[in-house]
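Structure, as structure tokens:
Values below: all heavy atoms of this structure, side chains included; hydrogens, waters and symmetry mates excluded.
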Amino acid sequence: MSQVRVISDAEFESDVLGASGTPVLAYFWASWCGPCRLMSPSVEWAATTWGDRLQIVKLEVDPNPISVKHCQVEGVPALRLFKDGQLLDTSEGALTKEKLADFLKPHVGAVPSAV
């Protein structure tokens, strides 16, 4: 079962900006985006790997223009990492699993040894 929650503009403020304590990774994607399809398994892996230290939400860009504008998403796939409503880091373009881990490690720690 996926630990990545699909949200919309309606939940963005409460689930991302209003979240406290645990970092939230917002993954912006599009159904027509080939690199997004390639990156989705890595995002699922990150949710499984850091599920106790990180929340991951997924927003499709076309039906969620308010969140896209708020996060200044210019291309997909895109990542926006928040903690306590503050933007910590951003990335645009497909990342390998290793690059995604490098992106997250400074904020959530190393990959747990049990994974």
So does Val108 get a backbone contact from the side chain of Arg53, meaning a donor-acceptor N/O pair under 3.5 Å?
yes
Correct closest heavy-atom pair for Val16 and Val24 would be CG2-CG1, 4.0 Å
Report whether Leu81 and Tyr27 are members of the same hydrophobic cluster (ILVMFWY, side-chain heavy atoms less than 4.5 Å apart, transitive linking).
yes
Is Val57 reachable from Met39 through a run of hydrophobic residues whose side-chain heavy atoms are each under 4.5 Å from the next?
no
Judged by atom type as modelled, is there a donor-acceptor pair below 3.5 Å linking the side chain of Arg37 to the main-chain atoms of Ala30?
no
Would you call Lys97 and Glu44 a salt bridge, taking side-chain N to carboxylate O under 4.0 Å as the test?
no
Just how far is it from atom NE2 of His70 to atom CD of Glu13, taken to the nearest 0.5 Å?
8.5 Å
Going from OG on Ser8 to CD on Glu60, what distance comes out if it is rounded to the nearest 0.5 angstrom?
11.5 Å
Restricting to non-hydrogen atoms, name the atom on Pro63 and the atom on Asp9 that form the minimum distance, rounded to 0.1 Å.
O-OD2, 4.2 Å
Treat each ILVMFWY residue as a node, draw an edge where side-chain heavy atoms are under 4.5 Å apart, and state whether Trp29 and Val73 are in one component.
no
Please find the pair of heavy atoms, one from His107 and one from Asp89, that lie closest to each other, and give the distance.
NE2-OD2, 3.7 Å
Can a side-chain donor-acceptor contact be found between Ser14 and Glu11 if the only test is distance below 3.5 angstrom?
no
Tell me the closest heavy-atom pair linking Glu92 and Arg80, and the distance in Å.
OE2-NH2, 2.6 Å
Specify whether Phe28 and Phe12 have parallel, tilted or perpendicular ring planes, treating 30° as the upper limit for parallel and 60° as the lower limit for perpendicular.
tilted
Taking every heavy atom of Ala47 against every heavy atom of Ile56, the minimum-distance pair comes out as N-CD1, 3.5 Å
Working to the nearest 0.5 angstrom, can you tell me the gap between Ile66 CD1 and Leu59 CG?
11.5 Å
Within a reach of under 6.0 Å around NZ of Lys99, are more than 12 heavy atoms found that belong to other residues, nucleotides or ligands?
no
With rounding to the nearest 0.5 Å, note down the distance linking OG1 in Thr22 to CG in Asp84.
9.0 Å
Report the distance from atom CG of Asp102 to atom OG1 of Thr96, rounding to the nearest 0.5 Å.
7.5 Å
Mark yes or no for whether Trp50, through its side chain, and Gly109, through its backbone, hold a donor-acceptor pair below 3.5 Å.
yes
Distance from Ser91 atom OG to Leu100 atom CG, nearest 0.5 Å?
8.5 Å
